[in-house]
Amino acid sequence: MYDKLWMIPFFPLLGSVINGLLGKKIKNEKVIGGIGTLAMICSFALSCTYFFQLLGDSVKTHEQVIASWMTVGSLQVDWGFLLDPLSALMLMIVTGVGSLIHLYSIGYMHGEEGFYRYFSYLNLFAFSMLMLVLGNNALVMFVGWEGVGLCSYLLIGYYFHKKSAGDAAKKAFVVNRIGDFGFLVGLFTLYWTLGTNHGVWTVNFLELGENAHLLGTGSVVITVVTLCFFLGATGKSAQIPLYTWLPDAMEGPTPVSALIHAATMVTAGVYMIGRMNPLFAMAPDTMMVIAIIGASTALFAASIGLAQNDIKRVLAYSTVSQLGYMFLAMGVGAFTAGVFHLMTHAFFKACLFLGSGSVIHAMHHAYHKAHLHDDPQDMRNMGGLRKKMPITFITFLVSTIAISGIPGFSGFFSKDEILWWSFGSTRGHWVLWVMGAIAAGMTAFYMFRLVFMTFFGEQKTDARAKDAIHESPLVITLPLMILGVLAVVGGFVGIPHVIGNLFGHIPNYLENFLAPVFEHSQTVHNISAHGTAATEFSLMAVSVAIAVMGIFLAFVMYLKKPELPGKFVGTFNGLWKAVYNKWYVDEIYDALFVNPTKKLGTFLWKGFDVQVVFVNPTKKLGTFLWKGFDVQVVDGIVNGVGKLVNVFSNTLRFTQTGFSHNYAMTMVLGVVVMLAFYVFK
């Protein structure tokens, strides 16, 4: 019934191989882009088939073993896939949003050098994420986990001729290795503890969930294991302290940013915690750490977004902040709400990034036509684009309303569900709600600041480029329209109970769908949100009011009184500089970690490593090999053979003189020798 699961990741892998090996010979962009996009569409179609099949199936968990991978002692690891409501939903998000991003890329990347390479990497990225999502055990997940890390390095550094792109790719790769180390330590500790103490040698997710209780709720082991896994999640999903790689990932092409930020890599940490929820539910201390880190990241990243002028960097810090909301949800036990926000965020954030790409695409071509060298990503060079790019503007606006948490749009349902659980959960706290609500207000402010600076007011583009700006082609705007619709309606599958009860008891479809994955852990460990409907509505009203205040403040500062931001900067210059420079976190990391590591590496290389370990011993060894072995032995043998041949040749050449009397004399001497031998025998 579900025996074709392996084909879901196979299609993008096949597309990656075809474009990677043959793309340079194919050359035709439409064919290359068509292969990559068709591969994703095929995966999406099969994912849809299995998703709806699972909806009507009474059994909600299915495993498919493809092949045996390794057998080590009592450990048997298979290449296996797991389909349940959580992985089925993730498949829909990854393949659905991924297909739209692939389609968009055909238009956006037109004319780029290495077009085939881009689509090969993009397909490989999707394949890796699908392996991560489908894996039925932690090792298969880790293959996908490392795969998305590799592909992020390749795609962030796509413009490898730019130093900034190469540096950003290396930064992403190195920072993620820190998190990956935590993931492995957690896995090894879990495996070894269950095996040695309880005889359970497994890395299979279902078996781990069934035997997690053996470790003991709140025990030191379960706390250490889950903290290590969470360290891995902070790397992949860009949480404090390992978030710094994600804003720099903007060096890659804009569709790459959309894929990383919306549907694939950054959601891996959230998904991993959801997949291992039986373990995390047993570690209340770890969950509190996750909630605090999530809320802090949401607030901290939102503050940085207030002062950025690069349109993609604003969205990048927005992603870090929204991921903080997802981890806040996971930390207070709102697993469904966290996955819900992951889904709605995929819709509106993909639309926002692709919308920013549409703007950048138009600005870049206008500047190129006018022979200008202004930054096409700087919002201070924009303004008034809503009339020039109406489709981009409308889709961008509805996605901005969604991320701001305005009622009726997708982000409202998922964000307020998280805030409610933060306040009312048995593992929540009112301080977490306050942090989340303030972050929501900041989000509304900086996102509408972006909209007002980009699409409203006077057009600030150089006069020579104004007339060249126009709406993007259909291959770019079609994905925007689809994602814009999803940003509006995507939240209605998870209407909170308190709202659903007002309209004839509308069920929370998403909660019911995901219940087989999360409900048991929540029930066993008494994780739930308590409070009256009046309290929930009151908190909802306050959070919406805070968001509306943020929008109104942005309206006043950037439309009604555009001189106010300048006055604010002049009055609070020190604060503005700190926010603009991202609170100097990168500089602090450089001073504490990067530069000392570089100096130590330089010393070990030039001072100790090269001189002591390599140079001096190598010199001595080289001298011996040269004068001792090479000259005396090798050259001696070669020269000795030559001299020996010379001696023999000088002697034997007298036997071939060319005179007949010499040959006759030789024959006589030979006869004499033979007679003498015969006589004296």
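Classification of the F115-F119 ring pair by plane angle, with boundaries at 30° and 60°, yields tilted. Aromatic ring orientation, Y104 versus Y108: parallel (interplanar angle below 30°, classes split at 30° and 60°). Ring planes of F229 and F280: tilted class, angle from 30 to 60°.
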Run the numbers on E146 and R177 for salt bridge (charged side-chain N to carboxylate O under 4.0 Å, His left out), then give the verdict. CA-CA 9 Å; E146 289 300 289; R177 297 292 74 71; 3.5 Å; yes

side-chain contact (heavy atoms from CB on, under 4.5 Å) for E112 and Y159? Distances and angles first, verdict last. CA-CA 10 Å; E112 288 282 356; Y159 299 115; 3.1 Å; yes

Go through F183 and W145 one step at a time and tell me if the ring pair (Phe, Tyr, Trp, His ring centres under 6.0 Å) criterion holds. CA-CA 10 Å; F183 185 105; W145 189 273; 5.0 Å; yes

Stepwise side-chain contact (heavy atoms from CB on, under 4.5 Å) test for L86 and R275: CA-CA 8 Å; L86 178 59; R275 174 55 66 207; 4.0 Å; yes

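To the nearest 0.5 Å, atoms OG1 (T597) and CG (L600) are separated by 7.0 Å. For the atom pair CG (L155) and CG (L259), the distance works out to 8.0 Å, reported to the nearest 0.5 Å. In this structure, CG in D248 is found 9.0 Å from CD1 in I156, a value given to the nearest 0.5 Å. Atom-to-atom distance recorded for M131:CE and F81:CZ is 4.5 Å, nearest 0.5 angstrom. Note that the OG1 atom of T286 and the CG atom of L227 stand 3.5 Å from one another [nearest 0.5 Å]. Once rounded to the nearest 0.5 Å, the distance linking CG of L450 with CE of M379 reads 4.5 Å.
Using a 4.0 Å cut-off between a side-chain N of Lys or Arg and a carboxylate O of Asp or Glu, D375 and R380 do not qualify as a salt bridge. With respect to the salt-bridge test (charged N to carboxylate O, under 4.0 angstrom), the residues D167 and K171 do not qualify.
For the pair S414 and T344, the tightest heavy-atom approach, listed with the atom from each and the gap, is OG-OG1, 2.9 Å. Across all non-hydrogen atoms, the minimal contact from Q308 to Y580 is NE2-O, 3.3 Å.
Under a 3.5 Å cut-off, the side chain of Y589 and the backbone N or O of Y584 do not form any donor-acceptor pair. Side-chain atoms of Y243 do not come within 3.5 Å of backbone N or O of A301 as any donor-acceptor pair. T297 contributes a side-chain N or O that, together with a main-chain N or O of I240, makes up a donor-acceptor pair within less than 3.5 Å. A donor-acceptor pair under 3.5 Å is absent between the side-chain atoms of S296 and the main chain of I293, judged by distance alone. D310 places a side-chain N or O within donor-acceptor distance of the main-chain N or O of R313, the cut-off being under 3.5 Å. A distance-only check finds no donor-acceptor pair linking the side chain of T254 to the backbone of G357 [under 3.5 Å]. Panel note: side chain Y271, backbone V133; a donor-acceptor pair is recorded below 3.5 Å. Side-chain N or O atoms of H198 include none that pairs as donor or acceptor with a backbone N or O of V200 at under 3.5 Å.
Tested against L306 for a side-chain contact (heavy atoms from CB on, under 4.5 Å), the candidates F445, W576, Y317 yield a single pass: F445. Here the rule is side-chain contact (heavy atoms from CB on, under 4.5 Å) with L215, and of L208, L190, V220, V225 only L190 fits it.
Counted by atom type alone, T202 and E207 present one or more donor-acceptor pairs between their side chains at under 3.5 Å.
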